[in-house]
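Here the structure is laid out as structure tokens; the discussion comes afterwards.
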Amino acid sequence: MGLVSQDALNQLQALMDQVLLEEEPLQRTFQNVHQGCVTETLTRFLKAREWNATKAHKMIVDCLKWRVQNETDNILSKPIIPTDLYRGIRDSQLIGLSGYSGEGLPVFAIGVGLSTFDKASVHYYVQSHIQINEYRDRVILPSASKKHERPITTCVKILDMTGLKLSALNQIKLLTIISSIDDLNYPEKTNTYYIVNAPYIFSACWKVVKPLLQERTRRKVQVLQGCGRDELLKIMDYASLPHFCRREGSGSSRHSGNGNENCYSLDHPFHQQLYNYIKEKSRIHEAVEPIKQGSFHVDFPEPPAEKAEIVKTLESELHKFKISNVNGD
């Protein structure tokens, strides 16, 4: 770490020490955020604010206040019930943990092209997304850190674009909400984004969006050829590859392979462990407060200016495709 970076870190640490001393609720929720990795956590927020300690301090405090106001610390004790509803969410919001990289980073697979988000309300999908974030940060990453005897605070994401269509335009609002929550409250948690099975529509959209991204974000994104198997095998073993990367041309599917192979499925070990963890926490919490049916509502943040511009550009590009298709070009 350079002198400028260390100086910014020291400044941020001093600012945080003061605010946490004065506000106990923020102190409690900050413990759930850092999980013992304080330096790594402060560094993430500094990176997100270009090493400006004052801006990073505001970002952390806003994040902690958002957590307190929305009771995010309790979200892992709020199961999505009944089970059939949760299964529907898992079948339409395709995400799962497929394994670990050679460096011990969790590998999350995301079915961008085939996620339909049509089985529940927006609030349920946001709740599910935050629960996976919190389970990653409070259970998966601390467990990986303990196993490798060093702090592991980030993950790898493999984004499968199989099935990406113009109908993605209908999902931009929800995806913007989710990505804005991540940007503002879970910054710099992804080490690298690998894009696989990219159709032409993605390539065209990426061409116009890429220049709008900050340099540090652009460096994280790697668009791989086909299913990306050969490139991904350089950083992880075969068992950690998502099912849609196992063989060239395999594509993705909500139902391909059995439950143990398809990391999107509720029957996959990761989702079984997550669901059982939430049910166990809810049983403990139920002794104090009965479980209520219904989604766990959180405040949706306004997207940052940079993201709003990206969304506007993306919508414009997708509309062009739509018009082009109607005209038969």
Side-chain angles (χ1 to χ4, degrees), residues 75-76 78-99 106-136 139-140 155 157-179 181-182 193-199 201-202 227 240-247 249-279 282 291 293-298:
I75 200 167
L76 288 178
K78 307 289 184 182
I80 294 175
I81 50 179
T83 305
D84 284 348
L85 173 61
Y86 188 62
R87 186 175 290 279
I89 290 170
R90 290 280 57 83
D91 286 343
S92 55
Q93 182 183 35
L94 305 181
I95 182 172
L97 178 72
S98 66
V107 177
F108 282 89
I110 302 173
V112 177
L114 291 174
S115 289
T116 54
F117 300 103
D118 59 353
K119 303 296 183 186
S121 70
V122 168
H123 288 283
Y124 277 118
Y125 286 112
V126 171
Q127 176 181 348
S128 171
H129 179 79
I130 295 174
Q131 285 179 330
I132 290 174
N133 278 356
E134 291 291 314
Y135 187 72
R136 174 197 65 198
V139 178
I140 298 293
C155 66
K157 289 183 179 175
I158 303 176
L159 278 55
D160 179 25
M161 297 293 166
T162 298
L164 190 64
K165 297 183 178 73
L166 287 171
S167 55
L169 193 60
N170 302 327
Q171 299 161 11
I172 283 182
K173 183 179 178 182
L174 172 57
L175 294 175
T176 302
I177 290 169
I178 286 174
S179 61
I181 286 172
D182 283 356
Y193 297 91
Y194 293 100
I195 311 293
V196 302
N197 297 320
I201 188 174
F202 168 81
C227 71
S240 290
L241 286 177
H243 58 281
F244 52 82
C245 294
R246 294 292 174 91
R247 63 182 185 276
S250 61
S252 176
S253 170
R254 297 180 187 83
H255 309 293
S256 63
N258 59 43
N260 287 331
E261 292 176 351
N262 182 352
C263 62
Y264 300 151
S265 169
L266 180 54
D267 299 319
H268 185 271
F270 165 70
H271 282 298
Q272 283 295 299
Q273 290 160 16
L274 168 61
Y275 199 55
N276 289 334
Y277 182 91
I278 292 173
K279 284 197 292 186
S282 75
I291 297 174
Q293 285 206 356
S295 59
F296 186 94
H297 285 220
V298 300

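Each residue takes its place number in the sequence, starting with 1. Just so it is clear, the values below take in all heavy atoms, side chains as well, and ignore hydrogens, waters and symmetry mates.
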Ring geometry between [Y] and [X] (parallel below 30°, tilted from 30 to 60°, perpendicular above 60°):
X: Tyr275; Y: Tyr86; result: parallel
X: Phe117; Y: Tyr125; result: perpendicular
X: His123; Y: His297; result: parallel

*Residue pair Ser265 / His271, side-chain heavy-atom distance below 4.5 Å*: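 Ser265 vs His271: side chains apart.
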_Side chains of Ile278 and Lys78, heavy atoms from C-beta outward: is any pair under 4.5 Å?_
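Side-chain contact under 4.5 Å: no.
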_For a side chain to side chain contact (heavy atoms under 4.5 Å, CB included) check, start with the C-alpha distance between Gln131 and Ile80, then their side-chain angles and the critical distance, and finish with the verdict._
CA-CA 10 Å; Gln131 285 179 330; Ile80 294 175; 4.0 Å; yes
Got a second to check how far [X]'s [atom1] is from [Y]'s [atom2], nearest 0.5 Å?
X: Asp91; Y: Leu114; atom1: CG; atom2: CG; value: 12.0 Å
X: Asn133; Y: Ile140; atom1: CG; atom2: CD1; value: 12.0 Å
X: Glu261; Y: Arg246; atom1: CD; atom2: CZ; value: 6.5 Å
X: Asp118; Y: Leu174; atom1: CG; atom2: CG; value: 11.0 Å
X: Thr162; Y: Phe202; atom1: OG1; atom2: CZ; value: 12.0 Å
X: Lys157; Y: Ser98; atom1: NZ; atom2: OG; value: 13.0 Å

Nearest non-hydrogen partners of [X] and [Y], listed with the distance:
X: Tyr264; Y: Ile95; value: CD2-N, 3.4 Å
X: Tyr277; Y: Leu76; value: CE2-CD1, 3.8 Å
X: Cys155; Y: Arg136; value: SG-CD, 4.3 Å
X: Leu164; Y: Ile201; value: O-CG2, 3.7 Å
X: His129; Y: Gln93; value: CB-NE2, 4.0 Å
X: Cys227; Y: Val196; value: O-CG1, 3.4 Å

_Run the side chain to side chain contact (heavy atoms under 4.5 Å, CB included) test on Arg87 and Asp267 for me, step by step, so that the C-alpha distance in whole Å, both residues' side-chain angles and the decisive distance to 0.1 Å come before the verdict._
CA-CA 9 Å; Arg87 186 175 290 279; Asp267 299 319; 3.4 Å; yes
*Within the side chain of Ser115, is there an N or O that forms a donor-acceptor pair under 3.5 Å with the backbone of Gly111?*
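At least one qualifying donor-acceptor pair exists.
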*Lys119 bridged to Asp84 by N-O distance under 4.0 Å*: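 No.
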_NZ/Lys173: more than 12 non-hydrogen atoms of other groups inside 6.0 Å_ =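 Count not over threshold, so no.
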_Audit row: Gln272, Leu266, side chain to side chain contact (heavy atoms under 4.5 Å, CB included) steps and yes/no_ = CA-CA 6 Å; Gln272 283 295 299; Leu266 180 54; 4.0 Å; yes
